[in-house]
S.K.: 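Before I ask anything, here is the structure I am working with.
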Amino acid sequence: MAMRPEVKRNGWLIIGFAVLQCILLQTAVHQQWLDLNYSQRAATYTLSGIFCATLILLALLYMVIKGNPDNYDS
């Protein structure tokens, strides 16, 4: 995929942040680092996954829309 390097770098940075956030929060829930009951743990685990997936999707859309070299004058 031909795209501008700064757009690719920003997109990968957002994807990396989303994956690390998801891993950290889900590990905290699984290892019971937070004082949560069962319902709160289930909600946190689910919302963490949804947030991670949303960030990854938005980063990919950002890379596709902003990375178009046809509109780049340089």
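Everything quoted here is computed from the prediction, not taken from an experiment. Numbering starts at 1 and runs along the sequence shown.
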S.K.: Should L20 and L13 be regarded as members of a common hydrophobic cluster, given that ILVMFWY residues are connected when their side-chain heavy atoms come within less than 4.5 Å of each other, either directly or indirectly?
M.R.: no
S.K.: Does T54 reach the main-chain N or O of I50 with its side chain, forming a donor-acceptor pair under 3.5 Å?
M.R.: yes
S.K.: Within this structure, what is the OH-OG1 distance for the pair Y45 and T27, rounded to the nearest 0.5 Å?
M.R.: 8.5 Å
S.K.: Are there over 12 heavy-atom neighbours, none belonging to Y62, within less than 6.0 Å of that residue's OH?
M.R.: yes
S.K.: For C52, check side-chain contact (heavy atoms from CB on, under 4.5 Å) against everything at least two apart and list the hits.
M.R.: A18, Q21, C22, I56
S.K.: With rounding to the nearest 0.5 angstrom, report the CG to CD1 distance, L57 to I14.
M.R.: 12.0 Å
S.K.: Quick one: do T44 and L25 satisfy side-chain contact (heavy atoms from CB on, under 4.5 Å)? Show the steps, please.
M.R.: CA-CA 8 Å; T44 303; L25 192 56; 4.0 Å; yes
S.K.: Cut-off 3.5 Å, no hydrogens considered: what does the side-chain donor-acceptor table look like for residues 28-43, sequence neighbours left out?
M.R.:
{"residue": "N37", "atom": "OD1", "partner": "S39", "partner atom": "N", "Å": "3.3"}
{"residue": "N37", "atom": "OD1", "partner": "Q40", "partner atom": "N", "Å": "2.9"}
{"residue": "Q40", "atom": "OE1", "partner": "N37", "partner atom": "N", "Å": "3.1"}

S.K.: Indicate if L61 and F17 have the same hydrophobic cluster label, given that clusters are the connected sets of ILVMFWY residues with side-chain heavy-atom separations under 4.5 angstrom.
M.R.: no
S.K.: Rounded to the nearest 0.5 Å, how far does CD1 of I15 lie from CE of M63?
M.R.: 5.5 Å
